[in-house]
Amino acid sequence: MISLTDYSLCRVPQNRRLPFLSVALVHMGMLTALDQFMLGAVLGHAMTLTDAYIAIAIGSLIFGVVTLGLGLAGMREGLSGSLLARWCGFGRIGSALIGIVIAISLLGWFGVQNAVFAKGLNYALNDALGFKGAAILSGTAITLLVAYGFDALKVTAKLAVPIFIVVVGYISVTTLSGHNPIELFQRTPGGSAMSIGEGITMVVGGSIVAGLITPDMSRYCRNGKHVFWMTTLTIVVGEFIINGVAIMIARALNMSDVVTIMAQTAGGMGLVTVIFSTLRINDINLYSSSLGIANAVEMLVGKKIRYVWITLLIGFTGTAFSAMGILERFVDFLNFLGILFPPIIGIMLVDYYILRSHRDVLDATRLNHTLPDGAATPAIGWCAIVSWLTGSIVGFAVEAGVSSLNSLFAASALYWLINVALRAPKRRSQSFG
């Protein structure tokens, strides 16, 4: 079983690498979840089938390329994503900032998933608590369980995935068996219209955090083929199967509300699936977010804060987000992630594969199973930070094209240009010397 906290500050040695399925199943689990079903339902309710599948295909291609590139780097170096960022442009402080941004995004996911949990709970109780009351109750309960430890969460995590797959399969058969595929294909979407570009950015936003932390898992892979097939299987299962089924169901039922879909088509088992799935996902969201902030605070200010207090603060903040209606901003949230995160990966890929700023020292230390020392590790990569912020601004400001691609290409190109410009005087002085 992979533990993301193992080898957190060092390389994973070759003799600790794992078989293909052990790593691939963990990676697939990130996109075999209720949030991907939610994404597919939104796409199916707002787009034609052709446009929805085009959005999935292009969004998956973007996710696949950047994830494969970062995953191969993680496999080669045996390093997690946050450690890799230190020598891929961002430096020690920059990588800590990335960890904080990831933690904040997971906080947002906690709020979204808790809102789904609360909606299911309130539905089951016939609106006895009201949505806000259910959101406060569920969020507080999950936060306390994660903060103080509760072995039952491990049981729900093991049960959640198989139950989710079984229920989705059951809903698919019962819902789609009575519909003509041609009629579903031709049916006009019932929701607010969405462009292909917006759909692509949503698909990227729904998976890009998984892409950024892929080195956390690929560092356990034994070779590049394992990374390639792990990425491919994750895309096929998460994007095309889970999303594809949700698109068809949303069109058949003319709705995008996953709680209503689950409850109306699978009854009590559907609501149990919603609750178990959100328990599993929010357990991971809250735990990873707390660890990320704890590590960042220690690196930035040199102080250790108790894990329990950070977890309580994050959990209660996420609970407040869900009670205030973050689920209603689900589309905006995915668009935000789809613009903010691609520049980070683009900068890391440009630095690692094209500029190769620290490849020599990484290669040398890899042979000794060590890490570059402090003198070889920049404190903060200002070029990367400026390029990241600029790329994100371009993604948010430019309406033409695909926002996620705009931010990705703008940040990557700017980072390359700045570094080439800074290196030119050094080369001239060396040539004259």
Side-chain angles (χ1 to χ4, degrees), residues 39 42-43 46-47 51-52 54-67 69-70 85 88-90 93-95 97-109 111-112 191-212 321 325-351 354-355 380-422:
L39 170 58
V42 171
L43 294 178
M47 306 176 74
D51 289 352
I54 289 175
I56 288 179
I58 298 178
S60 298
L61 180 62
I62 297 170
F63 168 75
V65 170
V66 298
T67 298
L70 209 56
C88 287
F90 285 92
I93 297 176
S95 65
L97 293 177
I98 292 175
I100 292 175
V101 172
I102 293 175
I104 292 173
S105 73
L106 293 176
L107 171 62
W109 276 118
V112 169
S192 300
M194 182 183 299
S195 69
I196 292 179
E198 291 172 327
I200 293 170
T201 300
M202 279 189 61
V203 172
V204 174
S207 57
I208 198 64
V209 178
L212 188 55
F321 284 167
I326 191 174
L327 186 59
E328 298 174 3
R329 312 297 299 181
F330 181 60
V331 173
D332 296 330
F333 177 63
L334 290 185
N335 285 329
F336 177 77
L337 297 182
I339 294 173
L340 186 66
F341 279 91
I344 299 174
I345 301 180
I347 290 167
M348 291 178 66
L349 293 178
V350 167
D351 192 279
I354 299 177
L355 297 173
I380 183 168
W382 287 110
C383 295
I385 299 296
V386 170
S387 300
W388 172 23
L389 294 176
T390 303
S392 299
I393 292 172
V394 170
F396 285 114
V398 177
E399 297 182 0
V402 179
S403 299
S404 55
L405 281 178
N406 293 341
S407 65
L408 172 67
F409 288 140
S412 302
L414 179 61
Y415 181 70
W416 178 79
L417 288 171
I418 291 176
N419 277 275
V420 169
L422 291 176

Are [X] and [Y] side-chain neighbours, meaning at least one heavy-atom pair lies under 4.5 Å?
{"X": "Phe330", "Y": "Val112", "value": "yes"}
{"X": "Phe90", "Y": "Ile385", "value": "yes"}
{"X": "Thr201", "Y": "Val402", "value": "yes"}

Quick check: closest heavy atoms across [X] and [Y], and the distance to 0.1 Å?
{"X": "Gly211", "Y": "Ile345", "value": "C-CD1, 4.2 Å"}
{"X": "Gly391", "Y": "Pro343", "value": "C-CG, 4.3 Å"}
{"X": "Ser412", "Y": "Ile347", "value": "OG-N, 4.1 Å"}
{"X": "Val386", "Y": "Leu414", "value": "O-CD2, 4.5 Å"}
{"X": "Pro342", "Y": "Ser407", "value": "CB-OG, 4.1 Å"}
{"X": "Glu198", "Y": "Asn335", "value": "O-OD1, 3.7 Å"}

How many angstroms lie between [atom1] in [X] and [atom2] in [Y], if you round to the nearest 0.5 Å?
{"X": "Ile98", "Y": "Leu212", "atom1": "CD1", "atom2": "CG", "result": "6.5 Å"}
{"X": "Leu389", "Y": "Leu340", "atom1": "CG", "atom2": "CG", "result": "8.5 Å"}
{"X": "Ile344", "Y": "Ile208", "atom1": "CD1", "atom2": "CD1", "result": "9.0 Å"}
{"X": "Trp109", "Y": "Ile326", "atom1": "CH2", "atom2": "CD1", "result": "9.5 Å"}
{"X": "Asn406", "Y": "Ser392", "atom1": "CG", "atom2": "OG", "result": "11.5 Å"}
{"X": "Arg329", "Y": "Leu334", "atom1": "CZ", "atom2": "CG", "result": "12.5 Å"}

Judged by atom type as modelled, is there a donor-acceptor pair below 3.5 Å linking the side chain of Ser105 to the main-chain atoms of Ile102? yes

Flag, side chain of Ser95 to backbone of Ala85, donor-acceptor distance under 3.5 Å: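 Such a contact is absent between Ser95 side chain and Ala85 backbone.
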
Hey, mind stepping through Ile58 and Val203 against side chain to side chain contact (heavy atoms under 4.5 Å, CB included) and telling me if it holds? CA-CA 9 Å; Ile58 298 178; Val203 172; over 6 Å; no

Worked check of side chain to side chain contact (heavy atoms under 4.5 Å, CB included) between Val101 and Phe341: CA-CA 9 Å; Val101 172; Phe341 279 91; 3.6 Å; yes

In this structure, is the centre-to-centre distance between the rings of Tyr415 and Trp388 below 6.0 Å?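 Ring centroids of Trp388 and Tyr415 are no less than 6.0 Å from each other.
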
